[in-house]
Amino acid sequence: MTATVTTDRLTVTTDRLTRVPGLLYGGDWNPEQWPEQVWAEDVKLMAEAGVNLVTVGVFSWARLQPDADSWDFGWLDRLLDLCHRHGVAVDLATATASPPAWLVRAHPDLLPVTADGVRLEFGSRQHYCPSSPAYREAAVRLTRALAERYRHHPALALWHIHNEYGDHVQECFCPASAVDFRRWLRERHGGIEELNRSWGTAFWSQRYTSFEQIEPPRTAPGPVNPTQLLDWRRFCSDALLALHRAEKAVLDEVSPGVPVTTNFMSMLKALDYWEWSRHEDLVSDDAYPDPADPRAHVNAAMNYDLMRSLKGGRPWLLMEQAPSAVSWRPVNVPKRPGLYRLWSLQALARGADGVLHFQWRASVAGAEKFHSAMLPHRGTAARGWQETVRFGAELRRLGEIAGSRLRGRAAVLLDWDSWWALELDDHPSARMRWPELLRPWYAALHERGVTVDFVPPTAGLDGYPLVLAPNLYLLDTATADRLTAYVRDGGRLVCGPFSGIADRHDHIHPGGHPGPLRELLGIVVDEHWPIPDGTTTAVRLDGAAPDSPRSDGTEPHAERWSEWIETEGAETLARYASGTLAGLPAVTRNRLGAGTAWYLSCHLGADTGRVLDLPLAEAGVGAELPDLPADVEVTRRHAADGRQYLFLLNHGGVERRVPLDTPGTDLLTGAATGDAVTLAPLGAAVLRLPAAEERP
Ligand code: GAL
């Protein structure tokens, strides 16, 4: 079945492919916090702002189901009817993120338990054990009741399962979780001897003789078995996913044809979003960059690239952002004038087909009463409301970009398994954290105007001239073989330090690091050489002679990490120039078949780009636009008809002139450009460029 919601402003046609003509604009609306008279004003103001999609019911469970055997749908019926009459489509939540008090008191063991054995109380939200049969049963029942009631409602455009899985509670250590963990372990390992081998239980007398002896990794006297912890991370992602899939199965059965999403939380360690996104019809994300952080937009860009990549480049939806300040940081700085617009455009620039917010109308009670909203406490006189209306109007001018896509010029490998294993305890350095290793690589690409896609380790890499792997601590031989084949066939791989270390059981690959990458990279690691906090090691880029390791202070500097490596066929492109490793190779390049594989044996922090420039140049991977001024972000969306949309975003505080290679039309102003565009501080342009064959 296909549901079509037609309003005077837009048609939302929902089918399994989630075709969404036009851009979506709106936010979480929590009408149960307000008397119904206020709703009438809400929909009137939504029309004024151009809101065409609202998320409803996210925290409505207690209102929808006052006790085990009664339901109260009347208010939601009236609300959805009202939305439909006013041309606002609904993203209807399954309301399962906050179980009501009556359910919790009837089943106290559905409350989650920490690793220290503390059972968390009712009184906040997300208070459930992912493996609790009582919670799951109640959640599925509610989902079915909602789906049966609203599946044909003409306002329904999208189902919104739960809310931010992994927010607040990512794991539970209660007895029900232990039972579920054991079931999961049996499925993964088969027999107890296989588990013993995988967990390396010969160490410290940890051998099990039955699955019943296994518990979740609760707080123990000393370091807990690392493979147990790794399996626990895998299990916790799967346990939440099982809940999500239970609700999804109900929606697919009862309400086929209506797309389903759950709001992701950007690059979140707890959930393997490659696996999760296979179960989404549409990827949606909640993003809260900090307005107090001048580099927040770089991190945001990275998260948006991931969201776009999760379903192979298909448009995604910014499900939540703050119109201005949030309420959950120690200091909640608002968005200065222009920042809200710029950051909203940034999501579109990176492939989103809509911008939604938390939330529509500011709450007057509860933990989020100081959180900004599209409609602030002050009402329509507020600065925030003026921005809401202005941006809604601008979004309508950008409608034609919906459905167009970005293509990454290079790929970045991201593997949750490896992330989890990398960050286990008792490693050579606790400073090797995936986000912190990745960020300088991404920042270097962002600064150079290079759009990247993220790819899972199982991805085909053929279309990419360059693949970057900032870290692959955990690497199975199948992935190593795929990377080797990619390079042999002419690809270029850049691999970061502390890679190729462990197999999928977190056992060290024998025979010297980087294990299955040794031949591909043409090096061997003799010893890891972490750099103490507060110190750095100079790296000489020119491959200077080993006996002239003096540093003159202008070289890139490694921090956190370095390695004593020896080449086995690779050439040395940079050497350590200070410290114990002075004179030894730091950056290498190995030619294999028709391609090359680079190895960075150290973490170069802010200097990473100075090394990445070499493989970027060799691979011919450059900016979306040459001569890009500082602070200007550029991306290009491609429409099916060959048109392109060039986004130019000035994140800096000074005016910038951006030279263009093709003149276009700025969709925001309607003006034709010449050979350059001038961007005010925090200014932006979205240029429609004609298809190649239409260009003069
Ligand atoms: C999100 C959450 C919303 C709201 C928002 C506040 O994480 O999904 O319900 O709490 O944060 O910033």
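Please read all numbers here as calculations on a predicted model, not as lab measurements.
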Under a 4.0 Å N-O cut-off, is there an ion pair linking [X] with [Y]?
X      : Y      : value
Asp81  : Arg78  : no
Arg233 : Asp272 : no
Arg151 : Glu148 : no
Lys311 : Glu280 : no
Arg186 : Glu212 : yes
Lys269 : Glu171 : no
Arg183 : Glu187 : yes
Lys335 : Asp290 : no
Glu387 : Arg383 : yes

Looking at every heavy atom in both [X] and [Y], which two are closest together, and how far apart are they?
X      : Y      : answer
Gln65  : Trp102 : O-NE1, 2.8 Å
Leu271 : Ser237 : CA-OG, 3.6 Å
Ser98  : Ser124 : OG-O, 3.9 Å
Arg308 : Arg350 : NH1-O, 3.4 Å

Ring centroid separation [X] to [Y] under 6.0 Å:
X      : Y      : value
Trp360 : Trp39  : no
Phe211 : His189 : no
Tyr304 : Trp316 : yes
Tyr135 : His107 : no
Trp328 : Phe370 : no

Between [X] and [Y], is there a donor-acceptor pair closer than 3.5 Å when you use the side chain of the first and the backbone of the second?
X      : Y      : value
Gln346 : His297 : yes
Thr635 : Ala349 : yes
Asp285 : Ser266 : yes
Asn30  : Gln33  : no
Asp293 : Pro289 : no

*Find out whether the Lys NZ or Arg CZ of Arg361 is both under 6.0 angstrom from the six-membered ring centre of Trp34 and within 45° of the ring's axis.*
yes

_Here's one to test your reading of the geometry: is the NZ or CZ of Arg63 within 45 degrees of the ring axis of Trp75 and under 6.0 Å from its centre?_
yes

Can you see whether [X] engages [Y] through a side-chain donor-acceptor pair at a distance of less than 3.5 angstrom?
X      : Y      : result
Asp77  : His153 : no
Glu247 : Thr96  : yes
Ser177 : Asp180 : no
Glu320 : Tyr288 : yes
Trp184 : Asp238 : yes

*Show the numbers, then the answer: is there a side-chain hydrogen bond (donor to acceptor under 3.5 Å, both in side chains) between Tyr645 and Glu400?*
CA-CA 10 Å; Tyr645 300 101; Glu400 67 181 70; 2.7 Å; yes

*Going through the distances and angles, do Trp274 and Trp419 end up as a ring-ring contact (aromatic ring centres under 6.0 Å, His included)?*
CA-CA 13 Å; Trp274 292 125; Trp419 182 355; over 10 Å; no

